[in-house]
Amino acid sequence: MTKILDGKACAANMRSQLQAKIDAQLADGKRRPGLAVILVGEDPASAIYVRNKHRACEKAGIKSMQYLLPSDATESQLIDLIDTLNEDPEIDGMIIQLPLPAGMDVVKIQERVRSDKDVDGFCAEQAGLLFRNRPCLESCTPKGIISLLDANGIEIEGQHAVVVGRSDIVGKPLSILLLNRGATVSICHSKTPDLAAITRQADILCVATGKRHLISAEHIKPGAVVVDVGIHRDDSGKLAGDVNYEDVVDLCSWITPVPGGVGPMTIASLLENTWLAYCDHLGINEA
């Protein structure tokens, strides 16, 4: 019988453990960890994501500070704000909610965040540390996926993992994390011929393409673990993923639901990265 990779339950457990660690630091007279979230413009979906992150911070005991800039804010104004927050000793982590307004240089802005506060794990320094398999602030969605697999006792070492998608945010860092854990990794993308021939080899199949229902039964090896990063609304407004859940669920050993799979783990990983940055800033040995 197929088992569900319940990201919501796993994320709640991670928050509970994190809260206990933070409470111990507060009892020792230390300040709370601080996370700054910058939102530019009034995109409704982005506003929802920011609220969800704020609520998760509150549950874990992290101080969440929101900075809202109007949609007509200039790139220079955003950079000035980032520079100010970089120097604020109360802020351990900083994220810039995407997407940014048209015309802004996303890479330039992400690189402006000080690397020790880059809890999204997007900057070149953190990516380089990940590539070298050294301790770093790992990109949140890939980190959450690995945590979800680990929490459910799913073996990574020695497995053939196929990642569909090559974005800097999910596909590439996830591939490196899996490789660092001893998996044999194949990366597929829009230029891959005969996608199904590759995905059918996967013991662990991770899909992050932004294309609704790209993956169906023909793409699945019986008994595979399937991780669906995508989230879309179908014609009736129902949420769906990059994987056609109903078509493949009976073939899988484990599968993430949409919603309730990867999404909560991404936010839990953001909180965990904020904690790690906090420990670094205060000289706390987490071990």
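Cluster membership for Tyr49 and Phe122, using ILVMFWY side-chain heavy atoms within less than 4.5 angstrom, is not shared. Taken together through direct or relayed side-chain contacts under 4.5 Å among Ile, Leu, Val, Met, Phe, Trp and Tyr, Leu148 and Leu178 form part of one hydrophobic cluster. Val170 and Val207 fall into different hydrophobic clusters, where Ile, Leu, Val, Met, Phe, Trp and Tyr side chains are chained together by heavy-atom contacts under 4.5 Å. Taking hydrophobic clusters as Ile, Leu, Val, Met, Phe, Trp and Tyr residues chained together by side-chain heavy-atom distances below 4.5 Å, Leu68 does not share a cluster with Leu85. The same ILVMFWY cluster, assembled from side-chain heavy atoms under 4.5 Å apart, contains both Leu137 and Ile284.
Heavy atoms from other residues, nucleotides or ligands lying under 6.0 Å from OH of Tyr67 number more than 12.
Although no hydrogens or angles enter the test, the distance criterion places a donor-acceptor pair under 3.5 Å between the side chain of Ser253 and the main chain of Gly223. Counting only distance, with no hydrogens or angles, the side chain of Thr199 and the backbone of His219 share a donor-acceptor pair below 3.5 Å. Side chain of Asn86 to main chain of Arg114: a donor-acceptor pair is present (N/O by atom type, distance under 3.5 Å, no hydrogens or angles). Between the side chain of Asn180 and the backbone N or O of Leu130 there is at least one donor-acceptor pair closer than 3.5 Å. In this structure, Ser139 contributes its side chain and Ile169 its backbone to a donor-acceptor pair below 3.5 Å. Of the possible polar contacts, none joining the Lys3 side chain to the Asn152 backbone as a donor-acceptor pair under 3.5 Å is found. Distance alone, capped at 3.5 Å, places no donor-acceptor pair between the Thr256 side chain and the Val227 backbone. A donor-acceptor pair under 3.5 Å is absent between the side-chain atoms of Gln97 and the main chain of Leu39, judged by distance alone. A distance-only check finds a donor-acceptor pair linking the side chain of Asn273 to the backbone of Glu138 [under 3.5 Å]. Distance alone, capped at 3.5 Å, places no donor-acceptor pair between the His54 side chain and the Val50 backbone.
Leu78 contributes atom CG, which lies 6.5 Å from atom CG of Leu100 (distance to the nearest 0.5 angstrom). Rounded to the nearest 0.5 angstrom, Ser269 OG and Leu276 CG are separated by 10.0 Å. With rounding to the nearest 0.5 angstrom, the NZ atom of Lys143 is 9.5 Å from the CG atom of Leu177. Atoms CG and NZ, on Asn13 and Lys8 in that order, are 15.0 Å from each other to the nearest 0.5 Å. Distance SG/Cys206 to CG/Leu149: 6.5 Å, rounded to 0.5 Å. Annotation: the span from Ile96 atom CD1 to Leu98 atom CG amounts to 7.5 Å, rounded to 0.5 Å.
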Practice prompt. Could you give me the CA-CA distance, side-chain angles and deciding distance for Lys117 and His281, then say whether side-chain contact (heavy atoms from CB on, under 4.5 Å) is met?
Written response: CA-CA 9 Å; Lys117 296 191 177 190; His281 294 151; 3.9 Å; yes
Practice prompt. Please report the C-alpha distance between Leu271 and Met14 in whole Å, then the side-chain angles of each, then the deciding distance to 0.1 Å, and finally whether the side-chain contact (heavy atoms from CB on, under 4.5 Å) criterion is met.
Written response: CA-CA 9 Å; Leu271 305 185; Met14 289 174 65; over 6 Å; no
Worksheet item: Step by step, would you call Ile154 with Leu5 a side-chain contact (heavy atoms from CB on, under 4.5 Å)?
Response: CA-CA 10 Å; Ile154 294 170; Leu5 288 164; 3.6 Å; yes
Practice prompt. Tell me, with the steps shown, if Val162 and Lys221 meet side-chain contact (heavy atoms from CB on, under 4.5 Å).
Written response: CA-CA 11 Å; Val162 175; Lys221 172 184 176 180; over 6 Å; no
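In this structure, the side chains of Gln110 and Asp120 stay at 4.5 Å or more apart for every pair of heavy atoms. Within the 4.5 Å cutoff, no side-chain heavy atoms of Val258 are placed close to those of Tyr245. Between Ile231 and Leu239 there is a side-chain heavy-atom pair separated by less than 4.5 Å. Side-chain contact between Thr192 and Val164 is absent, with no heavy atoms from C-beta onward closer than 4.5 Å. Two residues are said to be in side-chain contact when any heavy atoms from C-beta on lie closer than 4.5 Å; Pro135 and Leu129 fail this criterion. Looking only at side-chain heavy atoms (C-beta outward), Val243 and Leu205 stay at 4.5 Å or farther from each other. Residues Arg55 and Arg51 meet the side-chain proximity criterion, which asks for heavy atoms closer than 4.5 Å. No side-chain heavy atom of Glu42 sits less than 4.5 Å from a side-chain heavy atom of Ser71.
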Please list, one pair per line, the donor and acceptor atoms closer than 3.5 Å that link side chains of residues 15-38 to other protein atoms, with sequence neighbours excluded.
| unit_1 | atom_1 | unit_2 | atom_2 | d |
| --- | --- | --- | --- | --- |
| Lys21 | NZ | Glu286 | OE2 | 2.7 |
| Asp28 | OD2 | Lys30 | NZ | 2.7 |
| Arg31 | NH1 | Asp92 | OD2 | 2.8 |
| Arg31 | NH2 | Pro89 | O | 3.1 |
| Arg31 | NH2 | Asp92 | OD1 | 2.8 |
| Arg32 | NH1 | Gly61 | O | 3.0 |

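With sequence neighbours excluded, the residues satisfying side chain to side chain contact (heavy atoms under 4.5 Å, CB included) with Ala151 are Cys10.
Gly103 and Glu75 get closest at one heavy-atom pair: O-OE1, 4.0 Å. Of all non-hydrogen atoms in Val249 and Thr2, the two that sit nearest each other are O-OG1, 2.5 Å. What you find for Ser167 and Pro173 is that their closest heavy atoms are O-CD, 3.7 Å. Between Arg166 and Lys172, the closest heavy-atom pair is O-CE, 3.2 Å. Residue Cys123 comes nearest to Asp118 through the heavy atom pair N-OD2, 2.7 Å, listed as atom of the first residue, atom of the second, then distance. Shown here for Val229 and Ala208, the closest heavy-atom pair between the two residues is CB-CB, 3.7 Å.
Across Asp194, Leu195, Val163, a single residue satisfies side chain to side chain contact (heavy atoms under 4.5 Å, CB included) together with Cys188, and that is Leu195.
In the model, Thr209 has a side-chain atom that pairs as donor or acceptor with a side-chain atom of Asp242 under 3.5 Å.
Salt-bridge annotation for Glu90 and Lys63: absent, with no side-chain N of the basic residue lying under 4.0 Å from a carboxylate O of the acidic one.
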